[in-house]
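Taking it in order: structure first as structure tokens, then the write-up.
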Amino acid sequence: MQLRGSTIRAEKAKFSLKGSYNPALKKKPMKKSKKSKQSAQGKLLDWRERKAATNEHKTKYDKIVIVSHAFHPSEFEEEALLINEIKDDLREECGKFGVVKKILLFDRHPGGVVSVGFKEAESAAACVTAMNGRWYGGRQLGVAIWDGVTNYQVEETEKEREERLKEWENFLEEGEGEGGKGGGKGGGKDSTATSTHQSRGEDKESGES
């Protein structure tokens with residue numbers, strides 16, 4: 001056959017086996033029972049891995065509950081010991097769902113935020129289901145699992161610090177004046193010492209929250 005000036009020749013292909021053929025060495029198909037067993041083992045291992053990953057995630061965030069609208073920061077200006085009352089109330093209520101390990105009250109947060117740390121994630125989930133939307137102190141609570149990102153700590157500004165110190169000085173001066181009127185020089189000294197001791201105790205309790 002001629003194609004573009006060249007001769008093309010076609011012939012039947014010949015196939016030959018290289019080496020010797022041994023049927024005994026041929027790979028045998030896997031038995032159905034053995035194949036099913038391996039498949040079941042693979043699924044079991046996959047389940048364990050997924051379960052481990054889920055538990056790892058729970059240990060990070062799912063044990064911490066955020067309670068909002070539990071108070072207003074202005075309330076503590078008149079009654080600092082109210083911080084402990086709120087923490088005790090929440091510990092008692094949240095304790096109905098499991099072991100409570102830690103409670104943090106963010107006394108400067110305008111949203112009235114309290115974080116509750118549970119020992120188990122299941123307890124935290126039960127707390128959210130039962131307490132979200134409930135009323136406390138005339139306010140409707142918002143209860144949710146912590147997102148692991150939001151920081152609720154509100155730092156005191158320089159202006160707020162100056163105002164707090166000024167109020168504290170005025171409080172001491174008023175205490176000295178009342179003590180002097182009531183019992184002379186000695187009475188004024190005792191009154192001042194008592195007021196200072198009480199206020200320091202209140203500041204300490206607020207800081208520990």
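- Side chain of S68 to backbone of G111: no donor-acceptor contact under 3.5 angstrom is found.
- Hydrophobic cluster membership differs between V116 and V99, with clusters built from Ile, Leu, Val, Met, Phe, Trp and Tyr side chains linked at under 4.5 angstrom.
- Contact record, A70 with V114: CB-CG2, 4.2 Å, taken as the closest heavy-atom pair.
- Note that the CD1 atom of I83 and the CG atom of D107 stand 4.5 Å from one another [nearest 0.5 Å].
- Note that CG of L105 and CG of N84 are 9.0 Å apart. Values are rounded to the nearest 0.5 Å.
- For the pair F118/C127, a side-chain contact is recorded, criterion being any heavy-atom separation below 4.5 Å from C-beta on.
- Sorted by first and then second residue, the pairs that involve residues 133-144 and meet side-chain hydrogen bond (donor to acceptor under 3.5 Å, both in side chains), not counting sequence neighbours, are E75-R139, D89-Y136, E93-R134.
- I66 and V154 are members of different hydrophobic clusters when ILVMFWY side chains are connected at heavy-atom separations under 4.5 Å.
- In terms of heavy atoms, H109 sits closest to P73 at O-CG, 3.3 Å.
- Between the NZ atom of K96 and the CZ atom of R91 there is a distance of 15.0 Å, given to the nearest 0.5 Å.
- Rounded to the nearest 0.5 angstrom, E122 CD and K63 NZ are separated by 8.5 Å.
- Between N132 and G142, the closest heavy-atom pair is OD1-CA, 3.5 Å.
- The two residues C94 and M131 have their closest heavy-atom pair at SG-SD, 3.9 Å.
- With a 4.5 Å cut-off on side-chain heavy atoms, V65 and I145 count as touching.
- Listed by chain and residue number, F106, N151, E155 satisfy the side-chain contact (heavy atoms from CB on, under 4.5 Å) test with Q153 (two or more places apart in sequence, or in another chain).
- Between F71 and F76, the ring planes lie tilted relative to each other; the angle falls in the 30° to 60° range.
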